[in-house]
Protein chains: 2
Amino acid sequence: VKKMKFKTLEWKQNALHLTDQRVLPNQIRVMRCRDEKDCWKAIREMVVRGAPAIGVTAAYGVYLGVRSFKGLNRERFKTRFKVVCNYLRRARPTARNLFSAIESMQTVFEKAEKLGVEQIKRLLLREARRLEKEDQKLCEGIGRHGARLVRSGFTIMTHCNAGALATAGIGTALSVVYTALWSGKRVEVVATETRPFMQGARLTTWELAKNGVPVTMICDSAVGHMLSLGTIDMVVVGADRIAANGDVANKIGTYNIACLAREHGVPFYVAAPSTTFDASIPSGKQIEIEMRPVSEITRPYGKRLISKGVKLLNPAFDVTPAKLISGIITEKGVFKPPFRKSLLKWES
Amino acid sequence: VKKMKFKTLEWKQNALHLTDQRVLPNQIRVMRCRDEKDCWKAIREMVVRGAPAIGVTAAYGVYLGVRSFKGLNRERFKTRFKVVCNYLRRARPTARNLFSAIESMQTVFEKAEKLGVEQIKRLLLREARRLEKEDQKLCEGIGRHGARLVRSGFTIMTHCNAGALATAGIGTALSVVYTALWSGKRVEVVATETRPFMQGARLTTWELAKNGVPVTMICDSAVGHMLSLGTIDMVVVGADRIAANGDVANKIGTYNIACLAREHGVPFYVAAPSTTFDASIPSGKQIEIEMRPVSEITRPYGKRLISKGVKLLNPAFDVTPAKLISGIITEKGVFKPPFRKSLLKWES
């Protein structure tokens, strides 16, 4: 595994440093998060995005939120911990990893409840650091399993950014690309622009170009045309939440691609760590789809484009039904349909 | 038929006046075309766009190109006429109406060949004016036939701008909406943003709002999600060229919507005048797809968003296969599949 030429998130000097993904690639700006409010804001306003990176940020956020607690009263400390967890949980609704990271922090807290306040704080920081390291491992595992599906010469279509910038490691969908490349295969990527936040245009093309992967960008509207040309060998995207039946919530536009990929017989893969799986949700219908501020689409670059009186809808995610998915690439292997059966293994 | 509150194109003071669609809705700027070069530039740079409006502009362009011819030599005049026609034909490659309008001008020229130069000039201007009037009639005919498909309470999805701004009249796809509305039906529209040129965001929402039609805008990437909500009753789009088998070239992204509409059992209609039909082209495979400058996607609002070294593809159109089309709404009625058979009537 090679090192990325940038840091999505970094714990140093007792703070979480995040590369501000709202201004990439035109500016490299780092946001220093010193408390849970900074972390909440970073998640909500998409300074950091991508389900795994959101999870790790939330974990550090939990620690940063209780770090400043003064005193030795364990009951009051516990109350503060709960308030911080509940607060961070409300930063964004869709990504499973936000919730699973906070659950991990809660498990550590419960086990340590009898210890002193300062000791619990240390254990919480240790857990956040462990989750960061774990995410790096998960990314590598996804890459190892996913790269086996890639033949030399493949052109892979991806959507949004499920790369290093979306994780603490080398990415989910893009980990498949990097791992294939590093093992000597020729790989090219077709990245979609990904309106409205332009994660594909700004982030995916940037990190792939920085890492020597040939990349071509198209508008979201050109997905069908591109697939009809017959030059795309597979689609690989990330996931924000995976329901028990294999339905996948991911960046708005993913479902469009899945439907068109099937029309053209192009395999459609989802790459995600097991922390994205949500067994408590029977199907995609129960996944809450975040509606983002319409300002993201009315004034994409500061200038209002849309007339007054026009209604706007800006859903941030959509649900791709399991029937359109060829496989889910995880650190535990590639799960194949029927997912209801194969995904149960994740639980163990 | 009500009047629009704006003029897409207007012949006055011996020049063609075009509302500059690149700067709508933030600015109302009019471009005055005085010769064929102005018209060519207006078409190429999308001051005017929409297949029918391009056709009418080209017809006026032919007249403006020969108007300044000095002398009485008919042979030289004929040569000039041919040069102007060939020049305008190369303004953009995909819209059929550009070519059919120039063909109409050629037919008039051939019939008038024995007349004097000044007389031919007058006949050419008369033909351009006739084509403009005819386009208004075609739009009304499309609206009449199409509105019968619309029930009160319908929500209609459309893509790009196939409205009054795309024609000399009340539009093609949007003529269906206007005519239904004016006949007393409740209609709402969901318009796609239509990257990269934002025709949906800038033009469709503007003209619908101006004409009292409730309109909601979504990003192109949200089409699948929107259709999955079950609130869209039909899709109506325009067309730039229709092949003999019923395959339709239209704004990039149309094919995405057609594929997703079928997945959700939502009827998908194309609305276009018969001048869009190209019997000489057996199927969509033979339609030339224009590739537009990548600057439209690298710096959508003046600021470069994409890293150097990233390749870009910017196809302006895609082809929707006939099998995904529920019907083609024309001024002659609604053609149903199999189109190879029903479209033959257009030829007569």
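Numbers restart at 1 for each chain; the letters A, B, ... are given by sequence-line order, proteins then strands.
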Problem set entry | Minimum-distance pair of heavy atoms, taken over all atoms of A/Arg195 and B/Ser221 | O-OG, 3.2 Å
For this session: Determine the minimum heavy-atom distance between A/Asn256 and B/Gly224, stating which atoms define it.
Result: OD1-N, 2.9 Å
Seminar exercise, completed: Sequence neighbours excluded, the answer for salt bridge (charged side-chain N to carboxylate O under 4.0 Å, His left out) partners of B/Glu188 is A/Lys311
For this session: State, with a plain yes or no, whether a side-chain heavy atom of A/Ile252 is found less than 4.5 Å away from one of B/His225.
Result: yes
Seminar exercise, completed: Given B/Ala258, B/Ala201, B/Ser228, the one with more heavy-atom pairs under 4.5 angstrom with chain A than any other is B/Ala201
Seminar exercise, completed: Answer key: most heavy-atom pairs under 4.5 Å with chain A among B/Asn314, B/Val190, B/Thr216 is B/Thr216
Interatomic distance, [X] atom [atom1] to [Y] atom [atom2] [nearest 0.5 angstrom]:
X: B/Met226; Y: A/Asp318; atom1: CE; atom2: CG; answer: 13.0 Å
X: B/Glu193; Y: A/Asp220; atom1: CD; atom2: CG; answer: 9.0 Å
X: B/Thr205; Y: A/Leu312; atom1: OG1; atom2: CG; answer: 8.0 Å
X: A/Leu24; Y: B/Leu305; atom1: CG; atom2: CG; answer: 11.0 Å
X: A/Leu313; Y: B/Leu229; atom1: CG; atom2: CG; answer: 8.5 Å
X: B/Ser307; Y: A/Lys210; atom1: OG; atom2: NZ; answer: 8.0 Å

Problem set entry | Residue, of A/Ala222, A/Ala191, A/Pro321, A/Gly309, that accumulates the most heavy atom pairs under 4.5 Å with chain B | A/Ala222
For this session: Among A/Thr192, A/Ile289, A/Leu260, single out the residue with the greatest number of heavy-atom pairs under 4.5 Å to chain B.
Result: A/Leu260
Problem set entry | Residue A/Lys185 excluded, over 12 heavy atoms near NZ under 6.0 Å | yes
For this session: Please flag which part of A/Leu227 lies under 4.5 Å from any non-hydrogen atom of chain B: side chain, backbone, both or neither.
Result: neither
For this session: Could you look at B/Ala209 and say if it's the side chain, the backbone, both or neither that has a heavy atom under 4.5 Å from chain A?
Result: side chain
